[in-house]
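Input: a single structure, listed below in structure tokens.
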Amino acid sequence: MIIILKQNAKLESIKNLKATMIARGLTIHESIGDFTGIIGLIGDTSKIDMATVASMECVSDVKRVSEPYKAANRKFNPLDTIVNVAGRKVGEGFFSVMAGPCSVESEEQIIEVATRAKAAGATILRGGAYKPRSSPYAFQGLKGDGIELLLKAKAATGLPIVTEITSIANIDLYSDVDIIQVGARNMQNFDLLYELGHSDKTILLKRGLSSTIEEWLMSVEYILSGGNNNVILCERGIRTYENATRNTLDISAVPIIKRLTHLPIIIEPSHATGKTWLVEPLAKAAIAAGADGLMIEVHNNPSCALCDGAQSITPDDFDKIMVEVKRRVQFEGKILS
Ligand code: PEP
Ligand code: MN
């Protein structure tokens, strides 16, 4: 349920309203802008009489929210959320480019890619340390050592870092990581989401391989309901019958997520397509559709990559793509941040 406050509502009256709702066992979610004030109620509101609430002095309107996601719902929070990542902004006019290898492989590799990515205009360095692989025989990542190497690349370039978590047991290793990625395979790892909701880390939540948008938003809700509002969504392609690409990029997810929620969404054309030549056109499509950023896999030697070489572009190609990206981001009136 959402309660829309009168513009000139008195503070005392709002306080009374909130106290009444808290006494009924509900959690309050407040969104007070310059011109609108909204109180969102989370919990069992079935016994709340809408007419009684509507008659309260400070109340302009009362509406039930039928969607099962509440804190993520734009009705609860009409203004776009801007997520702060080590001083860089993501969302509402601030465009982020996260680039780097699928996996961290060595110090030389990650420093070289980070340096080239930064020079081309990337704003955040990506790199997998804990890798969820379909095969137990495939390279599983450098794990804790990989995080150490990412931190070295962060120190060398000043770029914030994003890396995936696969188990909450390793959370202590992520204390200097700027964004914790929850990968597609863990989108419905509810224990992990619950714990991350009780942390103060920024979370990049990728869409599950076969998840609907509503399932994705319910996973977001696990994080937000724990009190952590720093969430960025990432559309990385979903499974369909089409096999010309590794996955099918659901570009419509961008305007849909923007309509349904207040959170930033980025597009990842690398996993979405599995093909280097499709990265540029889909990056352009993402910007045109209103995405708040991109994640792109870049490797200094893709043919020797230990993971996802076929979709990883070279630093030279990344330079070229970034020229186009910057031009289009500027055309949209956004700032690369
Ligand atoms: C990755 O970012 O390297 C990764 C494994 O992504 P996804 O979860 O989208 O497959
Ligand atoms: Mn990958």
Side-chain angles (χ1 to χ4, degrees), residues 96-105 109-110 113-114 117 122 124-136 138-143 146-147 149-150 160-167 170 174 177-189 192-193 196 202-211 213 215-216 219-220 231-240 245-251 253 257 265-276 278-279 282-283 286 291 293-314 318:
S96 174
V97 180
M98 308 181 189
C102 178
S103 310
V104 180
E105 297 172 6
Q109 175 237 21
I110 194 67
V113 177
I124 295 175
L125 174 67
R126 70 146 282 150
Y130 283 89
K131 297 298 306 173
R133 303 304 303 275
S134 302
S135 164
F139 174 59
Q140 302 287 313
L142 296 182
K143 305 188 172 162
I147 296 181
L149 295 180
L150 278 168
I161 53 174
V162 51
T163 193
E164 182 165 356
I165 194 166
T166 51
S167 164
N170 303 322
Y174 290 74
V177 167
D178 301 288
I179 305 179
I180 297 182
Q181 173 176 317
V182 175
R185 288 155 191 82
N186 272 311
M187 189 206 84
Q188 287 191 315
N189 183 339
L192 180 63
L193 299 176
L196 295 174
T202 295
I203 311 299
L204 179 75
L205 181 65
K206 287 193 161 193
R207 182 176 181 179
L209 301 171
S210 305
S211 299
I213 286 180
E215 286 164 345
W216 191 12
S219 291
V220 172
V231 179
I232 303 167
L233 299 177
C234 177
E235 160 63 41
R236 44 77 74 207
I238 49 174
R239 286 230 167 125
T240 68
T245 46
R246 182 175 179 187
N247 293 289
T248 299
L249 181 64
D250 180 9
I251 199 83
I257 287 292
I265 174 169
I266 67 166
I267 286 281
E268 211 235 278
S270 306
H271 287 90
T273 63
K275 291 181 164 54
T276 51
L278 283 172
V279 170
L282 293 188
L294 293 165
M295 177 178 264
I296 297 178
E297 286 190 342
V298 182
H299 196 285
N300 51 341
N301 189 0
S303 59
C304 294
L306 297 180
C307 184
D308 284 350
Q311 67 193 32
S312 301
I313 59 170
T314 61
F318 185 63

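Just follow the structure's listing: the first ligand is 1, and inside any ligand the first atom is 1.
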Taking side-chain contact (heavy atoms from CB on, under 4.5 Å) as the test, write out the residues that go with T314, two or more places apart. P302, D316, D317
Heavy-atom gap C102 to ligand 1 smaller than 4.0 Å: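 The answer is yes: ligand 1 sits under 4.0 Å from a heavy atom of C102.
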Could you check whether any heavy atom of K131 sits closer than 4.0 Å to an atom of ligand 1, since that is the contact criterion I want to use?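 Within the 4.0 Å threshold, so yes.
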Looking at every non-hydrogen atom in both residues, tell me the closest pair between [X] and [Y] and how far apart they are.
X    : Y    : answer
S167 : L192 : C-CD1, 4.3 Å
N247 : T245 : O-OG1, 2.6 Å
I203 : L196 : CD1-CB, 3.9 Å
D178 : T202 : O-CB, 3.7 Å
S210 : R239 : OG-CB, 3.8 Å
I265 : A253 : CD1-O, 4.0 Å

Check ligand 1 against G183 and write out every atom of the ligand that is under 4.0 Å from a heavy-atom position of the residue. 8 (O)
Distance filter under 4.0 Å to E297 heavy atoms, resulting ligand 1 atoms: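 Going through ligand 1 atom by atom, the ones under 4.0 Å from E297 are 3 (O).
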Pair N301, S303: side-chain N/O donor-acceptor within cut-off below 3.5 Å: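 Present: a donor and an acceptor within the cut-off.
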Has ligand 1 got any nitrogen or oxygen that is less than 3.5 angstrom from a nitrogen or oxygen of [X]?
X    : answer
R126 : yes
D308 : no
E268 : no

Can you list everything that forms a side-chain hydrogen bond (donor to acceptor under 3.5 Å, both in side chains) with N300? Sequence neighbours excluded, please.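 With sequence neighbours excluded, N300 shows a side-chain hydrogen bond (donor to acceptor under 3.5 Å, both in side chains) to E112, given in chain and number order.
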Partners of E235 by side-chain hydrogen bond (donor to acceptor under 3.5 Å, both in side chains), sequence neighbours excluded?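 So E235 forms a side-chain hydrogen bond (donor to acceptor under 3.5 Å, both in side chains) with R207.
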Ionic contact status for R246 with D308, cut-off 4.0 Å: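 Looking at R246 together with D308, the answer is yes, because their closest N to O distance falls below 4.0 Å.
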Applying the side chain to side chain donor-acceptor pair (under 3.5 Å) test to Q311, which of E268, H271, H299 qualifies?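 By the side chain to side chain donor-acceptor pair (under 3.5 Å) criterion, Q311 pairs with just one of E268, H271, H299: H271.
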Among all the protein's non-hydrogen atoms, which is closest to [atom], and how far away is it?
atom                   : answer
atom 9 (O) of ligand 1 : R236 NE, 2.6 Å
atom 5 (C) of ligand 1 : E164 OE1, 3.6 Å
atom 1 (C) of ligand 1 : H271 CE1, 3.2 Å
atom 8 (O) of ligand 1 : A184 N, 2.7 Å
atom 6 (O) of ligand 1 : K206 NZ, 2.9 Å

So, at under 2.8 Å, which protein N, O or S atoms would a careful student list around the Mn ion (ligand 2)?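 Near the Mn ion (ligand 2), the protein supplies C102 SG, H271 NE2, E297 OE2, D308 OD2.
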